[in-house]
**Q** 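Right, I'll just put the structure down here and ask away after.
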Amino acid sequence: GENVEQHPSTLSVQEGDSAVIKCTYSDSASNYFPWYKQELGKRPQLIIDIRSNVGEKKDQRIAVTLNKTAKHFSLHITETQPEDSAVYFCAASKSSYNDYKLSFGAGTTVTVRA
Amino acid sequence: SAVISQKPSRDICQRGTSLTIQCQVDSQVTMMFWYRQQPGQSLTLIATANQGSEATYESGFVIDKFPISRPNLTFSTLTVSNMSPEDSSIYLCSVSSGTSFTFFGQGTRLTVV
């Protein structure tokens, strides 16, 4: 099955700095890569996703890049704010129509220092 | 986005007993999934709940331990059977829309004592 590795496991950044989280996947058939943010005691929330036919996607302060050849993708958060503190999970899926069974990375705990 | 209601939100159960978790979606969805999140860990897929047929279980999960029902396109249940303390986790229902997003219910925090 798909194996997703995520690094680093913890990340502490100064407010206003950038944060980068990296993931690698094993199955070249994977074609959908979402990122989730989970605040303490809450459900995972989708923050951005990317498909294998796109190399980069941005949404305000968040961007995701994908390198299919190397089988890795990254989350970039710019101008970090205290409310960005949370656990972030990457995931991969060999999605077909309406079937998005996800394999998750281990998670990265991001702490933004004020 | 789909609105997913999951209940109970939390429970404390005695070992050897069973708990059934319900997941209700406000619209018809093709795919429903059940995930487990052990304390401080990532999410692991338990099974895909198939409407009108038996659930599809991932490696390491079996029907006798985690029976799943999916009577229609908006509802599913997961039962955690013959519980032990190792079953203490958060159990999450999720659904996928045709546009690829996967949404999660608020989760059921289970503690087995």
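Quick note on labels: first sequence line is chain A, next is B, and so on, each numbered from 1.
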**Q** Distance alone, cut at 3.5 Å: any donor-acceptor contact between the side chains of S9(B) and R109(B)?
**A**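 On atom types as modelled, these side chains do not qualify, holding no pair under 3.5 Å.
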**Q** What verdict does the ring-ring contact (aromatic ring centres under 6.0 Å, His included) test give for F33(A) and F73(A), after you've listed the backbone C-alpha separation in whole Å, the side-chain angles of each residue and the deciding distance to 0.1 Å?
**A** CA-CA 8 Å; F33(A) 308 93; F73(A) 56 112; 4.8 Å; yes
**Q** When you measure from the side chain of D27(A) to the backbone N and O of A29(A), does any donor-acceptor pair fall under 3.5 Å?
**A** yes
**Q** Just give me the residue among G105(A), P34(A), S103(A), G107(A) that pairs up with chain B most often, heavy atom to heavy atom, under 4.5 Å.
**A**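 Maximum pair count with chain B is reached by G105(A).
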**Q** Is a side-chain donor or acceptor of Q6(B) paired with a backbone partner of Y91(B) at a separation under 3.5 angstrom?
**A** yes
**Q** Quick one: what part of Q37(B) sits under 4.5 Å from any heavy atom of chain A, side chain, backbone, both or neither?
**A**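 Side chain only.
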**Q** Using non-hydrogen atoms and a limit below 4.5 Å, what part of residues 61-69 of chain B faces chain A?
**A** none
**Q** Does the E79(A) side chain pair with the main chain of S18(A), one donor and one acceptor, at a distance under 3.5 Å?
**A**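 Pair absent, no side-chain N/O of E79(A) close to backbone of S18(A).
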**Q** Can you tell me how the ring of Y35(B) sits relative to the ring of F104(A), calling it parallel under 30°, perpendicular over 60° and tilted otherwise?
**A**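 It falls in the perpendicular class, over 60°.
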**Q** Can N3(A) and Y25(A) be counted as having a side-chain donor-acceptor contact under 3.5 angstrom?
**A** no
**Q** Within the 3.5 Å criterion, strictly below it, is a donor on T65(A) or E56(A) matched to an acceptor on the partner's side chain?
**A**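 Short answer, no.
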**Q** Non-hydrogen atoms of chain A under 4.5 Å away: do they reach the side chain of L45(B), the backbone, both or neither?
**A**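 Only the side chain of L45(B) comes within 4.5 Å of chain A.
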**Q** At a 4.5 Å cut-off on heavy atoms, which part of Q106(B) comes close to chain A: side chain, backbone, both, or neither?
**A**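 Interface part for Q106(B): both.
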**Q** Is Q38(A) in contact with chain B via its backbone, its side chain, both, or neither, using a 4.5 Å heavy-atom distance?
**A** side chain
**Q** Testing the 3.5 Å rule here: is there a donor-acceptor pair between the side chains of Q51(B) and R70(B)?
**A** no
**Q** What part of P44(A) gets within 4.5 angstrom of chain B, counting heavy atoms only: side chain, backbone, both, or neither?
**A** both
